[in-house]
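Here is the structure we will look at.
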Amino acid sequence: MKKIEAIIKAFKLDDVKEGLSSIGVKGLTVSEVKGFGRQRGHKEIYRGAEYQVAFVPKIKIEVVIDTKLVPEAVRVIREKALTGQIGDGKIFIMPVEEVIRIRTGEKGEDAI
């Protein structure tokens with residue numbers, strides 16, 4: 001099993017969610033996060049005054065899936081989250097040792 005964390009632009013969430021559902025991803029966790037990458041935030045103008053926005057608002061999606069599904073999930077996330085602009089996000093893939101469903105005690109693939 002693998003855990004995929006993807007940091008994407010907020011307005012792309014529905015597209016990514018629908019794409020992942022279409023390939024069989026049954027559940028995901030979404031968090032509102034703030035951060036910056038290479039661009040180090042950006043400048044905005046409000047009432048004629050320019051100010052620096054250090055932390056850009058983003059969405060973090062987390063899914064735990066079967067290892068065989070990872071390439072397809074990554075492809076879907078990349079396609080659906082892509083705008084071609086700076087700040088499209090990142091995808092992180094990590095191993096998962098064990099999953100346990102709290103309610104039933106199911107383990108491994110059955111718990112996903």
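Numbering starts at 1 and runs along the sequence shown.
Within 6.0 Å of CD on Glu32 lie no more than 12 heavy atoms contributed by other residues, nucleotides or ligands.
Hydrophobic clustering (ILVMFWY, side-chain heavy atoms < 4.5 Å, transitive): Val63 and Phe92 are in distinct clusters. The same ILVMFWY cluster, assembled from side-chain heavy atoms under 4.5 Å apart, contains both Ile61 and Ile91. Note: the hydrophobic cluster containing Ile23 also contains Val16 (ILVMFWY, side chain heavy atoms under 4.5 Å, direct or indirect links). Both Val74 and Leu28 belong to a single network of hydrophobic side chains, linked directly or stepwise wherever heavy atoms of I, L, V, M, F, W or Y lie under 4.5 Å apart.
Between the side chains of Glu106 and Thr104, at least one donor N or O sits under 3.5 Å from an acceptor N or O.
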**Item:** Check against side-chain contact (heavy atoms from CB on, under 4.5 Å), Ile59 and Val30
**Value:** CA-CA 7 Å; Ile59 295 292; Val30 176; 3.5 Å; yes
**Asked** Is there a side-chain contact (heavy atoms from CB on, under 4.5 Å) between Lys58 and Lys9 once you walk through the steps?
**Response** CA-CA 5 Å; Lys58 301 280 184 163; Lys9 292 182 175 183; 4.1 Å; yes
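The minimum heavy-atom distance between Ile77 and Ala6, with the atom names listed, is CG2-CB, 4.0 Å. Residue Lys80 comes nearest to Asp15 through the heavy atom pair CG-O, 3.7 Å, listed as atom of the first residue, atom of the second, then distance. Here the closest heavy-atom approach between residue Gly19 and residue Val76 is recorded as C-CG1, 3.4 Å. Here the closest non-hydrogen pair linking Ile65 and Ala73 is CD1-CB, 3.7 Å. Closest approach of Val99 to Val96, counting heavy atoms only: CG2-CG1, 3.8 Å. Taking every heavy atom of both residues into account, Met1 and Thr67 meet most closely at N-OG1, 3.2 Å.
Here the CG atom belonging to Asp66 is positioned 11.0 Å from the NZ atom belonging to Lys2, to the nearest 0.5 angstrom. Atom NZ of Lys107 is separated from atom CD1 of Ile100 by 5.0 Å, given to the nearest 0.5 angstrom. A distance of 13.0 Å separates NZ in Lys26 from CG in Leu20, rounded to the nearest 0.5 Å.
Remark: the backbone N or O of Gly108 is paired with a side-chain donor or acceptor of Glu98 at under 3.5 angstrom. Judged by distance alone, with hydrogens and angles left aside, the side-chain atoms of Lys12 form no donor-acceptor pair with the main-chain N or O of Asp88 at under 3.5 Å.
Screening Leu69, Ile112, Ile4 against Val25 for a side-chain contact (heavy atoms from CB on, under 4.5 Å) leaves a single residue, Leu69.
Looking only at side-chain heavy atoms (C-beta outward), Val33 and Phe55 stay at 4.5 Å or farther from each other.
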